[in-house]
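Residue indices begin at 1 and follow the sequence shown.
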Amino acid sequence: MTSTAAIADSLDLAALNQQFETATPQAILRWAIRTFPTGLAQTSSFSIPVTIHMLYAELSPPVRVPVIFLDTLHHFEETLATAERARQRYDLDLHVYQAAGATTRQGFANRYGDALWQRDIDQFHYLTKVEPLQRALQAVDVQAWVTGRRRDQSTTRQALPILEPDSDGRLKINPLANWTRKELWGYVFQQDVIYNPLHDRGYASIGDEPLTTPVQPGEDERAGRWRGSQKTECGIHR
């Protein structure tokens, strides 16, 4: 795996971030494909898989970019259905990872206790997201990975860079960072991108079923996640 120091030595992230500030997401992804002909992956929650559409339907790189999906075993059925629709539509190189030692929601409860998210939310996310992602990035041999995060999703993401080293030394690429919600949905409708139908029911950001609620007018896009708590991220992104 590429170390943080090696990324910093081989890439001038400050200069690239300045260059990409006015670039399109497609241009950023083209750079990623050229820079990482192998070792590039995409993580997706199958909420609004715009970057998957760009990579698979628009840019069509020589090698299919692996897509990592963390099946927390607590997703909405609509999320799982959207993942399957996307897998079939784009013929995804899909890699699904779950919590260690569990393959169903009941199996997770049997192993780790009922409603763990109520007793220890950080441990719940470590078991369902953080540790499975660590396993996935290692197994898929990832050097750089693409996310769908945007600055306008919440106040805590306003300073989101386009390129950043993650905590393990890989490069994290956020090609949609400077897109607005309006631009995102404009692309969705223009390109007929698959999206999670829960968005049509007021869910602006979609996570685990027990921890996600619809968003009210005027709220941040991610206000429906962990409602009533101070939590803003699940631990994958810091």
Side-chain angles (χ1 to χ4, degrees), residues 20 23-73 75-98 103 129 132-133 135-150 153 162-163 170-201 203-208 221 236-237:
F20 289 149
T24 65
Q26 293 91 333
I28 297 167
L29 290 171
R30 287 190 189 97
W31 172 87
I33 292 165
R34 291 195 306 269
T35 305
F36 299 95
T38 60
L40 181 65
Q42 154 85 68
T43 57
S44 180
S45 63
F46 291 100
S47 174
I48 314 173
V50 161
T51 51
I52 286 179
H53 183 89
M54 289 177 178
L55 284 169
Y56 273 80
E58 198 172 353
L59 303 179
S60 301
V63 177
R64 289 189 304 162
V65 176
V67 176
I68 296 170
F69 174 53
L70 305 178
D71 179 2
T72 67
L73 306 175
H75 282 306
F76 290 91
E77 287 299 324
E78 289 86 348
T79 300
L80 300 177
T82 302
E84 178 58 20
R85 286 179 62 211
R87 185 191 67 78
Q88 293 183 14
R89 177 171 176 177
Y90 300 112
D91 188 25
L92 296 182
D93 179 15
L94 184 61
H95 300 253
V96 180
Y97 284 79
Q98 300 170 329
T103 58
K129 292 189 174 183
L133 178 62
R135 264 190 289 126
L137 294 174
Q138 291 174 1
V140 182
D141 197 18
V142 173
Q143 292 183 336
W145 48 294
V146 177
T147 86
R149 293 181 297 163
R150 306 189 327 276
Q153 286 177 308
I162 292 169
L163 302 179
R170 301 174 179 89
L171 186 67
K172 194 184 298 186
I173 304 168
N174 309 306
L176 304 181
N178 59 13
W179 259 19
T180 64
R181 180 174 172 82
K182 182 178 179 180
E183 287 174 306
L184 180 82
W185 281 102
Y187 182 88
V188 167
F189 294 129
Q190 180 186 52
Q191 296 287 326
D192 190 27
V193 178
I194 290 170
Y195 66 88
N196 193 318
L198 289 173
H199 286 287
D200 295 331
R201 304 177 208 166
Y203 290 84
S205 179
I206 302 164
D208 291 309
E221 185 172 324
I236 290 175
H237 305 297

Any pair counted as salt bridge (Lys or Arg N to Asp or Glu O under 4.0 Å), so long as it reaches residues 40-54, sequence neighbours left out = none
What pairs of residues pass the salt bridge (Lys or Arg N to Asp or Glu O under 4.0 Å) test when at least one of them lies in residues 41-66, not counting sequence neighbours?
-> Arg64-Asp91
Nearest 0.5 Å please: distance from the [atom1] atom of [X] over to the [atom2] atom of [Y].
| X | Y | atom1 | atom2 | result |
| --- | --- | --- | --- | --- |
| Leu40 | Arg34 | CG | CZ | 12.5 Å |
| Leu70 | Arg135 | CG | CZ | 9.5 Å |
| Ile206 | Thr79 | CD1 | OG1 | 5.5 Å |
| Ser45 | Ile68 | OG | CD1 | 13.5 Å |
| Glu78 | Leu198 | CD | CG | 4.0 Å |
| Leu29 | Ile173 | CG | CD1 | 7.5 Å |

Relative to each other, are the rings of Phe69 and His75 parallel, tilted or perpendicular (30° and 60° limits)?
-> parallel
Search all heavy atoms of [X] against all heavy atoms of [Y] and return the closest pair with its distance.
| X | Y | answer |
| --- | --- | --- |
| Thr82 | Phe46 | CG2-O, 3.6 Å |
| Leu133 | Trp145 | CD2-CH2, 3.9 Å |
| Val193 | Pro49 | CG1-O, 4.0 Å |
| Ala23 | Asn178 | O-ND2, 4.2 Å |
| Thr147 | Lys172 | CG2-CG, 3.6 Å |
| Ile28 | Pro175 | CD1-O, 3.8 Å |

Would you please name every residue forming a ring pair (Phe, Tyr, Trp, His ring centres under 6.0 Å) with Tyr56, sequence neighbours left out?
-> none
Quick one: are [X] and [Y] in side-chain contact, heavy atoms under 4.5 Å?
| X | Y | result |
| --- | --- | --- |
| Ile48 | Trp185 | yes |
| Tyr187 | Leu176 | no |
| Asp141 | Thr38 | no |
| Gln143 | Thr35 | no |
| Leu184 | Tyr195 | no |

Carefully, step by step, assess Glu183 and Arg150 under the rule salt bridge (Lys or Arg N to Asp or Glu O under 4.0 Å).
-> CA-CA 11 Å; Glu183 287 174 306; Arg150 306 189 327 276; over 6 Å; no
Under 3.5 Å side-chain donor-acceptor pair for Ser47 and Asn196 = no
Polar contact flag, side-chain donor to acceptor under 3.5 angstrom, Gln98-Asp71 | yes
Any donor-acceptor pair under 3.5 Å from Thr43 side chain to Val146 backbone | yes
Can any side-chain N or O of Arg170 pair as donor or acceptor with the backbone N or O of Val142 at less than 3.5 Å?
-> yes
Steps toward side chain to side chain contact (heavy atoms under 4.5 Å, CB included) verdict (Val63, Asp93) = CA-CA 10 Å; Val63 177; Asp93 179 15; over 6 Å; no
Residues, nucleotides or ligands: over 12 heavy atoms within 6.0 Å of Gln88 CD | yes
